[in-house]
Amino acid sequence: MPGIERPGLVRTRLARSVVHDARRPAGLFTVRTVAAGEAEAATAPAPGLLAAHLHVTSDGERTVVVTEWADAASQEAATGSDAGVKRYTHAHSFVDDHAGRRS
């Protein structure tokens, strides 16, 4: 409904995505919020970084950075341990899910 405010809800829009390796499946996703001016550093190539997606808040002051990594070791080597980073993995992957099975 127009005019309804939702406290705590932060709206974002996808500003851009940078894909470094579209062939490898992501083993780890990270999410962090940074100041708008700091977001570009997240798209720089790094070993194991597959892609970075920048979502800008509606006020333009912050950016939610979602990165896709080959594995946790690559992410830790590139960024270290940042307390502001939330890490996620797939519970189940559909990539090659049926490889090797016969009907």
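Heavy-atom basis, side chains included; hydrogens, waters and symmetry copies ignored.
The CG atom of Leu50 sits 9.0 Å away from atom CG of Asp71, with the distance rounded to the nearest 0.5 Å. A distance of 13.0 Å separates NE2 of His53 from OG1 of Thr12, quoted to the nearest 0.5 Å.
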List the steps and the verdict of side-chain contact (heavy atoms from CB on, under 4.5 Å) for Gln75 and Val85.
-> CA-CA 11 Å; Gln75 185 265 331; Val85 174; 4.2 Å; yes
side-chain contact (heavy atoms from CB on, under 4.5 Å) between Leu49 and Trp69: does it pass, once the steps are laid out?
-> CA-CA 5 Å; Leu49 177 62; Trp69 294 89; 3.6 Å; yes
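Heavy atoms only, all atoms of each residue included: Ala46 and Ala78 are closest at CB-CB, 4.1 Å. Listed here is the closest heavy atom pair of Ala52 and Thr67: CB-CG2, 4.0 Å. Considering all non-hydrogen atoms of both residues, Arg32 and Ala42 come closest at NH2-CB, 3.6 Å. In plain terms, the two heavy atoms of Val56 and Ala15 that are nearest each other are CG2-CB, 3.5 Å. Residues Gly60 and Ala36 come closest through the heavy atom pair O-CB, 3.4 Å.
Each of Thr43, Thr33, Leu54 was scored for a side-chain contact (heavy atoms from CB on, under 4.5 Å) with Val65, with one residue passing: Leu54.
Counting heavy atoms from C-beta outward, Leu14 and His55 have side chains that approach closer than 4.5 Å.
Checked by atom type and distance alone, the side chain of Thr57 pairs as donor or acceptor with a backbone atom of Arg62 at under 3.5 Å.
In this structure, the salt bridge (Lys or Arg N to Asp or Glu O under 4.0 Å) partners of Glu40, at least two apart in sequence or on a different chain, are Arg16.
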